[in-house]
S.K.: 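Starting off with a structure, shown below.
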Amino acid sequence: LIGRAARALPDLFRVAVAEMVAYRAEMVIWILTATLPLIMLALWSSVASEGPVAGMSQDDLARYFAATLVVRQMTSMWLVWEFAFQVRTGALSARLMRPLHPFWQDATMMIAALPVRLAILLPLVALVIAWRPGLLAAPDPAALALFLPALALAWALNFAAQVCFALLAFWIDKADGLWMVFFATFAFLSGYVAPHALFPDWARPVLRALPFRAMHGLPTELAAGMTDPASAALDLAIGCAWLAAFVAVGAALWRAGLRRYGAFGG
Amino acid sequence: VADPRRLLRVVAGLMRASVTVSMQYRLDFVVEALSGLLRTAMALGPIALLFVHRDAVLGWDAVDVATVMGLYLVLHALLAALVEPNLGAIVEAIRKGTLDFVLLKPADAQLLTGVQQIRLPPLIDVPVGLALVGWAIAQRPPASALDVLVAAVLALSGMAAIYGLWLLAVCTSFFFVRVDNLRYLLWSAVDAGRWPLPVFARWVQWALIVAVPVGVVTSFPAMALRGEWDLALLGLGLGISAAFLVGSRVVWRASLARYTSASS
């Protein structure tokens, strides 16, 4: 099965990139909607205008939210809406006929979008740097080495979480509504709207145990040089455990959902 | 053109029908309302964090920020419940050609398309937002009746302007096929309205007053409640509202005139 997927992947990528290029104007607008990190940067920067807040200066905050812009764009996706739509309209049936699990194609679509997203994002990041040049700092090599694995883990966790919620579309109409609840929780607790350093001390262990930190805050803090490698390694391990749990739930939902979906088509 | 009483009857009938349709999905309502409340709670999280560290941001204390956030919640709820479903339906109708059926009816098309669909669940944020604003007003004893009145006028005129903005966005769908993303862009611009204007750079502040006038809905009334309003602020708010309402009406009429329907 893996071999078949590996053979199909290059072609899937070509299709995905072609689709990305065909809808480039849409892509630009889509990325511009992700301005929330800039809004939050403006807010926290104002808060820090009279002095560092929880040890973070305005430059630290600019660095954190510049990293947030990039990490979020690299890990956000739109699987839930698409999949729910395909289940509702029956378009999923055609995809089930193919000799490859549909999620392989979805995954390649999401990955093919990454270079385009990054290219559109760079001017925004350049603007943040031009606004606060002080955010540039010498990177810590150990943290940087952990950044890519952490980013890959964050991507996988986001993908797996979206798959789990997308699969709920087999049972309920409002799968995307439930996803929005998950996303709102994620936004607050992952470090997306406020770095974990700003949370009170008692909340920090709770935040570490939840899956949200590994979905965003961990790679962001590594890129911004705000966490030490030893504790980041522990965070990575916690994230991997959550990934295993998400995959297990997703696989169970897929098996049960497919039986149910078959009952529709007759 | 038309007898206003008749128009009122038409609008009342349509709204009753759309509320009835919405009420059929009771379980949906409960689930969506509850999830909406949870989302609101999460949206309030950063405020709680903020006031753990500081008593005020750029001179805006918890009471001011609560006013801004409360008005933002009301605006967001009304947009999601009344404006977005209807204007989204217009976009769909233009694409499919079913707008013809609306245009054939003997009443104003903007009015008819504006009250076709109402989504009830988002409205749960209206009492939450109003409670926040009410709490904020109660915190400051000397808020005079005039200040409260000016705040209400500013908030309402800002909301009217935002409706005009949404209608303008819908008008683009007479000429382009995919405008969903444009509306997403508007949503994320409106998002900036949940924080006080001074938080942003000067040019962003003006964009949030003139281009996406969410600042008129949220920050202007908060200033009015502090007694920091003058006739210039009031005039600016009313002027923007009038400009957006008249402008969107003109563009809507011009777009309809160029609409060739699906059949021709």
Side-chain angles (χ1 to χ4, degrees), chain A residues 23 25-56 78 81 127 131 172-203 212, chain B residues 25 27-60 65 68 80 119 121-122 176-201 204-205 208:
Chain A
Y23 293 109
E26 247 178 68
M27 201 70 190
V28 172
I29 296 187
W30 190 238
I31 286 171
L32 287 180
T33 62
T35 49
L36 188 64
L38 296 177
I39 295 175
M40 297 316 294
L41 171 59
L43 173 76
W44 291 116
S45 214
S46 308
V47 174
S49 62
E50 295 143 24
V53 50
M56 292 183 83
W78 60 93
W81 292 271
L127 274 180
W131 179 55
I172 52 174
D173 285 342
K174 298 280 175 209
D176 46 348
L178 281 183
W179 167 258
M180 289 313 288
V181 175
F182 181 84
F183 180 77
T185 317
F186 158 88
F188 181 45
L189 299 179
S190 70
Y192 183 47
V193 296
H196 281 171
L198 296 180
F199 282 75
D201 287 332
W202 57 264
F212 306 113
Chain B
Y25 304 94
L27 185 64
D28 270 5
F29 176 81
V30 174
V31 171
E32 268 196 71
L34 283 179
S35 62
L37 281 180
L38 189 63
R39 258 149 62 183
T40 307
M42 287 295 158
L44 294 175
I47 298 190
L49 277 187
L50 200 168
F51 291 105
V52 164
H53 295 286
R54 293 281 193 277
D55 294 330
V57 193
L58 305 174
W60 292 60
V65 175
V68 171
R119 290 192 60 240
F176 303 105
V177 184
R178 298 288 302 262
V179 296
D180 303 5
N181 285 345
L182 185 61
R183 281 170 19 239
Y184 285 123
L185 189 61
L186 284 184
W187 274 115
S188 60
V190 165
D191 242 15
R194 70 171 76 185
W195 303 107
L197 277 176
V199 159
F200 300 103
V204 181
Q205 291 187 31
L208 293 176

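Throughout, a chain's letter reflects where its sequence line sits, starting with A, and its residues are numbered from 1. Side chains are part of it too, since the values below use all heavy atoms of this structure and drop only hydrogens, waters and symmetry mates.
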S.K.: Where on B:Arg54 is there a heavy atom nearer than 4.5 Å to chain A: the side chain, the backbone, both, or neither?
M.R.: side chain
S.K.: So which heavy atom on B:Arg39 is nearest to which on A:Ala184, and how close?
M.R.: CG-CB, 3.3 Å
S.K.: Given heavy-atom pairs under 4.5 angstrom as the criterion, report whether the side chain, backbone, both or neither of B:Val52 touches chain A.
M.R.: neither
S.K.: Side chain to side chain contact (heavy atoms under 4.5 Å, CB included) between B:Leu49 and A:Trp44: does it pass, once the steps are laid out?
M.R.: CA-CA 10 Å; B:Leu49 277 187; A:Trp44 291 116; 4.0 Å; yes
S.K.: Please classify the contact of A:Thr185 with chain B as side chain, backbone, both or neither, using a heavy-atom distance under 4.5 Å.
M.R.: both
S.K.: Relative to chain B, which of A:Leu43, A:Leu178, A:Val193 shows the most heavy atom pairs under 4.5 Å?
M.R.: A:Leu43
S.K.: Are B:Pro46 and A:Met40 close enough that some pair of their side-chain heavy atoms sits under 4.5 Å apart?
M.R.: yes
S.K.: Using every non-hydrogen atom in the two residues, find where B:Ser35 and A:Val181 come nearest and quote the distance to one decimal.
M.R.: CB-CG2, 2.9 Å
S.K.: With a 4.5 angstrom heavy-atom cut-off, could you sort out which part of B:Leu38 is near chain A: side chain, backbone, both or neither?
M.R.: side chain
S.K.: Where do B:Ser188 and A:Leu36 land on the side chain to side chain contact (heavy atoms under 4.5 Å, CB included) test, with the steps shown first?
M.R.: CA-CA 7 Å; B:Ser188 60; A:Leu36 188 64; over 6 Å; no
S.K.: Please find the pair of heavy atoms, one from A:Leu198 and one from B:His53, that lie closest to each other, and give the distance.
M.R.: O-NE2, 2.7 Å
S.K.: Heavy atoms only, distances under 4.5 angstrom: which of A:Phe199, A:Phe183, A:Phe188 has the most pairs with chain B? Name it, please.
M.R.: A:Phe188
S.K.: Can you check side chain to side chain contact (heavy atoms under 4.5 Å, CB included) on A:Ile39 and B:Phe200, steps first, answer last?
M.R.: CA-CA 8 Å; A:Ile39 295 175; B:Phe200 300 103; 3.9 Å; yes
